[in-house]
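The structure appears below as structure tokens.
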Amino acid sequence: DHVPLTLMSEEPQQEKTQEVKATETQENQAEGQLQQNPNKRKREGGQEPKKKKRKKNKKKNAEAAVPLPPRDYNTEYLEYLKLWHEDRENWKYKKNLHSRLLEDMFNKEKVDDESFKILVAYLQGGTGRHMEILYENVVNYVKEHRDNKEADPETKYIFKRNLKLKKALDKRH
């Protein structure tokens, strides 16, 4: 038979046993930990999970931080598109390259004319919402710049590419 010790305070309403106080303290601590990180699991016995220690290897990291040579996007794009065009069995869709290609398709330094011709054919077979958005953007660009006679050479070049792409994609719509 366990009889808890009672602590008397000046006011009888605040009277609590040591056992009750200890239980409340543990509950409050546990609740506070859950509020800090409700997804954090505890190990058996209520202990915090062990933190993984990272090894600091500053020398190796400093030596490994050799700057990479600049990427030759034109060659990378051309190889990707040629493989798609000439050897589809060995071609593999690369999401990152595809996304960058769409971002750079009007940049003549990154996508030369030969690559652009293949890109237009590549995009004709594309599907999905991104193709709808691309088509809408191309149509809007052509509408906005059609009558711009005083455009700089770069804008004219981009307009011609948009027009070629629009004509190719019109066949789909």
Original post:
Do N137 and N140 meet the criterion of a side-chain donor-acceptor pair at a distance under 3.5 Å?
Top reply: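 The criterion, which ignores hydrogens and geometry beyond distance, is not satisfied for N140 and N137.
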**OP:** Assert yes or no for the condition that the ring centre distance of W84 to Y93 is strictly below 6.0 Å.
**Re:**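 So the answer is no for these two rings.
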Original post:
Does the pair K160 and I158 meet the rule for a side-chain contact (heavy atoms from CB on, under 4.5 Å), with working shown?
Top reply: CA-CA 5 Å; K160 286 179 184 176; I158 293 171; over 6 Å; no
Original post:
Got a salt bridge between D152 and K156, using NZ or NE/NH1/NH2 to carboxylate O under 4.0 Å?
Top reply: no
Original post:
Thinking salt bridges, do E103 and R100 make one under a 4.0 Å N-O criterion?
Top reply: no
Enter the distance from [X]:[atom1] to [Y]:[atom2] here, rounded to the nearest 0.5 Å.
| X | Y | atom1 | atom2 | result |
| --- | --- | --- | --- | --- |
| K94 | K92 | NZ | NZ | 8.0 Å |
| E79 | E76 | CD | CD | 7.5 Å |
| K82 | S115 | NZ | OG | 8.0 Å |
| L119 | Y77 | CG | OH | 10.0 Å |
| L123 | I118 | CG | CD1 | 12.0 Å |
| R161 | N107 | CZ | CG | 8.0 Å |

Original post:
K117 and D113: salt bridge (Lys or Arg N to Asp or Glu O under 4.0 Å), yes or no, with the steps?
Top reply: CA-CA 6 Å; K117 286 177 187 174; D113 292 334; over 6 Å; no
Are any of the side-chain heavy atoms of [X] and [Y] separated by less than 4.5 Å?
| X | Y | answer |
| --- | --- | --- |
| N162 | H145 | no |
| L83 | R88 | no |
| V111 | F106 | no |
| D112 | K108 | no |
| Y80 | W91 | yes |
| L134 | M105 | yes |

Subject >> Derivation of the side-chain contact (heavy atoms from CB on, under 4.5 Å) call for L102 and H130 >> reply: CA-CA 10 Å; L102 292 178; H130 72 280; 4.2 Å; yes
Subject >> Closest non-hydrogen atom pair between L165 and V138, with its separation >> reply: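 Result for this residue pair: CD2-CG2, 3.7 Å.
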**OP:** Examine K164 relative to F116 and say whether NZ or CZ is less than 6.0 Å from the centre of the six-membered ring and inside a 45° cone about the ring axis.
**Re:** no
Subject >> side-chain contact (heavy atoms from CB on, under 4.5 Å) assessment of M131 paired with L169 >> reply: CA-CA 9 Å; M131 289 304 299; L169 296 178; 4.1 Å; yes
Original post:
Does any N or O in the side chain of T155 come within less than 3.5 Å of the main-chain N or O of A151, such that one atom is a donor and the other an acceptor?
Top reply: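 Absent.
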**OP:** For the pair E114 (side chain) and L78 (backbone), establish whether a donor and an acceptor sit closer than 3.5 Å, ignoring hydrogens and angles.
**Re:** no
Original post:
Which residues satisfy the side chain to side chain donor-acceptor pair (under 3.5 Å) test with H98, sequence neighbours excluded?
Top reply: Y122
Original post:
Between V139 and Y135, is a side-chain contact (heavy atoms from CB on, under 4.5 Å) present by the stated rule, with each step listed?
Top reply: CA-CA 6 Å; V139 168; Y135 182 74; 3.6 Å; yes
